[in-house]
Structure formats: structure tokens, C-alpha cells
Number of protein chains: 2
Amino acid sequence: MYIYTSAAARLRAALCIAREKGTSIKYQRHNAIRELVASSLVSNQDELRRKLRRRGFEVTQATLSRDIHELRISKGPGGYALPNGNGNGTATAVEDDGPPTVAEVMESFGMRVRRAMNQVVVRTVMGGAQPVAASLDYEDWPEVVGTIAGDDTVLIVCQDSRHATDVESKLRTILES
Amino acid sequence: MYIYTSAAARLRAALCIAREKGTSIKYQRHNAIRELVASSLVSNQDELRRKLRRRGFEVTQATLSRDIHELRISKGPGGYALPNGNGNGTATAVEDDGPPTVAEVMESFGMRVRRAMNQVVVRTVMGGAQPVAASLDYEDWPEVVGTIAGDDTVLIVCQDSRHATDVESKLRTILES
DNA sequence: CACTGAAATGTATAACTATACAAAACGCTC
DNA sequence: GAGCGTTTTGTATAGTTATACATTTCAGTG
């Protein structure tokens with residue numbers, strides 16, 4: 001069973017927006033899928049479902065199977081991929097209001113979260129560390145003393161172990177949605 | 001149950017040919033798969049299995065799943081497809097034996113190893129930090145929570161001080177050997 | 001040749017994806 | 001709002017792919 005009430009509410013709200021903008025909710029979801037597939041590793045449809053849920057799209061695996069077919073997305077050794085080469089042309093029309101949130105970039109790039117003492121280490125897809133660190137810096141979490149990012153790893157330094165544990169669980173919640 | 005006798009006979013015959021040509025039967029099958037995938041529509045692994053059987057290769061779906069993985073073939077709306085664009089160039093020397101080991105890169109680049117609390121800092125020659133960190137990530141040592149690399153310094157975050165000491169000594173051993 | 005470790009394969013099944021069908025939501029017209 | 005054809009979605013399940021484990025084959029070595 002799913003949480004029908006909140007889902008229904010969310011759907012209605014989303015539909016309201018959709019009508020105002022003249023775009024269907026399905027079309028918006030397709031754009032979100034393209035974005036996720038292009039910028040992060042998506043290994044199966046259930047993973048995609050969880051990532052979409054964090055963005056407000058709550059659908060079942062069956063719907064995603066249909067979406068993927070309609071978008072002509074293919075699956076290979078590196079997870080799902082946009083159609084051949086120019087898979088971007090249609091990917092536009094993505095509104096970005098200000099810097100992305102930690103939740104957003106973690107959904108897109110985050111892979112693993114681990115803690116050691118007062119530090120938290122986040123593994124991301126290649127090139128994902130900088131955006132994650134930037135969003136953390138921007139949101140300015142009180143537990144976080146500072147961040148350092150390489151190519152696919154972010155080191156988050158916290159006040160102490162307890163705060164690190166808090167940060168770890170917050171990030172892990174986002175990731176596991 | 002399958003017809004073991006004829007299968008066995010065919011295998012032996014094929015192996016005989018294989019030896020003469022100096023190529024393994026698996027390699028021959030891989031080439032046949034590439035050819036079929038490139039020139040005809042293959043929608044699933046069972047179809048591929050039947051097509052291969054006509055060419056004298058009698059294997060199960062499981063083996064084909066492994067072959068497809070090794071050949072880095074992807075599946076999309078148009079059936080299976082060879083890897084990215086130049087699907088042919090790779091025809092030879094497919095299996096590379098992965099990234100270099102930590103030992104190899106440390107011998108090449110490593111200069112000094114020091115520890116502080118649960119962290120280990122490795123100094124390398126200029127530009128050596130990334131390869132060292134990459135090999136550490138690849139080998140996925142259990143004591144290591146994560147790594148971050150600059151130009152000539154790698155920071156290795158470990159579970160705790162004890163693990164960091166272990167890592168320190170392992171790296172130092174490589175360096176001094 | 002017997003033994004040994006590595007590589008390749010088959011079997012059985014878990015994991016994942018596609019689809020038939022039914023229900024709901026939509027966009028119309030009246 | 002009621003009626004009606006179309007579109008979208010969920011449910012249940014069939015279809016497809018990946019993988020743990022066991023077995024067989026292969027290449028060396030003593």
C-alpha cells in the first residue's frame with residue numbers, strides 16, 4: 001500500500017502547476033527522467049523510481065518502463081543512457097531557481113555515505129563531488145565545519161562525532177529515500 | 001537435459017579448430033555475437049542463442065548474459081547494440097585487466113606516508129595523487145572510508161586510528177619494498 | 001599421468017523489465 | 001454535471017536478464 005492521501009494531494013498540486021504552464025505532468029516527469037539519466041548513474045527502474053519520488057513524482061515501475069520506452073532510452077553497462085549522442089536537444093526547458101539543494105544534487109550524484117569519527121565521506125559519480133560540496137556550503141548546515149571535494153569524493157568535517165552522525169543520517173535518508 | 005553426446009562432439013571439434021587458429025572458442029563466439037548484433041536485430045538473449053546455434057555455437061542464456069556483459073553491449077529500443085559508436089574498433093584485445101594496483105602506483109608515485117588520528121596522508125610526486133587515490137578506491141580496502149586527492153597529496157580517511165595505522169603500515173611496506 | 005588452480009559453462013533461481021487488463025483521470029460535448 | 005472516447009496509471013504477472021553455486025574443461029607442474 002502507498003500513501004494515497006499525500007500522493008493524491010501532490011498529484012493535484014502538480015497538475016495545477018502543469019495546467020498553468022501548459023505542460024502535462026507526464027511531460028515534466030519525462031524531463032526529470034532525462035535529467036537524472038544524463039547526470040547520474042541509474043542502474044534499474046526501481047532506483048529511478050526512488051530518485052523521482054524525491055522530486056515529487058510518485059509513480060510505479062510499470063509507468064517508468066513505459067516512459068523509458070517512449071524516451072527511447074537504452075540500458076548498457078553504465079546504466080541507462082539517453083538516445084544516441086544528441087540526447088540533449090529536447091532536454092531543455094528545465095527551470096532552475098537558484099542553486100540546487102543538497103537533496104537535489106545528492107539524488108543526482110550521491111552514491112554512498114560513510115562516517116569516520118567527526119568526518120563524513122560522500123562518494124558520488126565522477127564529477128559529482130564539487131556540486132555536492134557547493135550545495136552543502138550554500139545551505140550552510142550548522143553541524144558542518146567545512147567541506148573538501150575531489151572528483152568523486154566529498155569530505156565533510158563536522159564539529160564532533162555526534163554531529164557527523166547526524167549529517168550522515170540526513171544524507172543517507174536523502175539517498176535511500 | 002541436453003544432448004550431451006552431440007554437444008560434446010561439437011565442442012571437441014570446435015576446440016580442434018580453435019587450437020589450429022590459436023583462438024579460444026569463447027573468443028570466436030564473441031566475434032559471432034558482435035557480427036549478429038551489428039548486422040541484425042536481436043531483441044533478447046534467447047533469440048541470440050538460436051541465431052548462434054545456427055552458426056554452431058550451442059550455449060545457454062546464462063553464458064550469453066556474461067558474453068554481453070564482457071562485450072559491453074547495450075540494449076535499447078532497437079535491440080542490442082555494440083558499444084558506443086565505434087563498435088568495431090574494439091574487436092581485439094577486449095578484456096583489459098582493470099586499473100593498476102595500489103602497489104604499482106605507489107611504487108611509481110609514492111614518496112612519504114604519515115598518519116594523524118584516523119587519517120593517513122600520502123605525499124607523491126607531482127600529479128601522482130589522483131592515480132594513487134583511484135587505485136585505492138578501486139581496490140576498496142575495508143579500513144578505508146574514503147580518499148581525496150589533490151596534485152601531490154592524498155588524504156585517506158579511515159574508520160579510526162587503529163585502522164589508519166594499519167593502512168599506514170601497508171602503504172609504507174609497499175614503499176620500502 | 002595425477003594433481004591443482006584458473007577459466008568457462010550449465011543449472012536453478014533471484015532480480016529486473018514489459019505488458020495485459022482494469023480502473024481512474026482527462027478533455028471534450030451537450 | 002452527465003456521458004463518452006482517449007490517455008494515463010496501477011496491479012498482477014509474464015517475460016527477460018543476472019548471478020550464486022556446482023560442474024566441467026583447460027593448462028601447467030611435478
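Below, chain A is the first sequence line, B the second, and so on; all start at residue 1.
The closest side-chain donor-acceptor pair between A:Glu143 and A:Trp141, if any, does not fall under 3.5 angstrom.
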N/O to N/O distances under 3.5 Å, protein versus nucleotides 12-15 of chain D:
none

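The phosphate of C:dG10 (OP1 or OP2) has a side-chain N or O of B:Thr60 nearer than 4.0 angstrom. The shortest distance between the side-chain N/O atoms of B:Ser65 and the OP1/OP2 oxygens of D:dA18 is below 4.0 Å. Using a 4.0 Å cut-off, some side-chain N or O of B:Tyr80 falls inside it from OP1 or OP2 of D:dT17. The shortest distance between the side-chain N/O atoms of B:Lys75 and the OP1/OP2 oxygens of D:dT17 is below 4.0 Å. For the OP1/OP2 pair of C:dA8 and a distance below 4.0 Å, the side-chain nitrogens and oxygens of B:Arg29 include no atom meeting the criterion.
At whole-Å resolution of the value, CZ in B:Arg50 and C1' in D:dT16 are 12 Å apart. Rounding to whole angstrom units, CG of residue B:Leu64 and C1' of C:dT9 are separated by 11 Å. We find that CZ of A:Arg49 is positioned 15 Å from P of D:dT9, with the value rounded to whole Å. Rounded to an integer number of Å, the gap from B:Leu52 CG to C:dT9 C1' is 15 Å. In this structure, A:Tyr27 places its OH atom 18 Å from C1' of D:dT7, rounding to the nearest Å. Taking atom CD1 of B:Ile73 as the reference point, atom P of D:dA18 lies 11 Å away to the nearest angstrom. Rounded to an integer number of Å, the gap from B:Lys26 NZ to C:dA7 C1' is 7 Å. Between A:His30 atom NE2 and D:dT7 atom C1' the separation is 12 Å, expressed in whole Å.
Residues in residues 35-47 of chain B take part in these salt bridge (charged side-chain N to carboxylate O under 4.0 Å, His left out) pairs, two or more places apart or across chains: B:Glu35-B:Arg55, B:Asp46-B:Arg49, B:Asp46-B:Arg50, B:Glu47-B:Lys51.
The shortest distance between side-chain heavy atoms of A:Met106 and A:Val122 falls below 4.5 Å.
Within the 4.0 angstrom heavy-atom criterion, only backbone atoms of the sugar-phosphate kind lie near B:Thr63; the bases stay farther away.
When the side chain to side chain contact (heavy atoms under 4.5 Å, CB included) test is applied to A:Val59, the partners found at least two apart in sequence or on another chain are A:Arg29, A:Thr63, A:Leu64.
For the atom pair CZ of A:Arg123 and CG of A:Asp152, the computed distance is 4.5 Å after rounding to the nearest 0.5 Å. To the nearest 0.5 angstrom, A:Ile33 atom CD1 is 9.5 Å from A:Gln45 atom CD.
Shortest non-hydrogen contact noted between B:Gln130 and B:Ala149 is NE2-O, 3.3 Å.
Comparing A:Gln45 and B:Arg66 by the nucleotide of DNA chain C that holds the closest heavy atom to each, the one mapping nearer the 5' end is B:Arg66.
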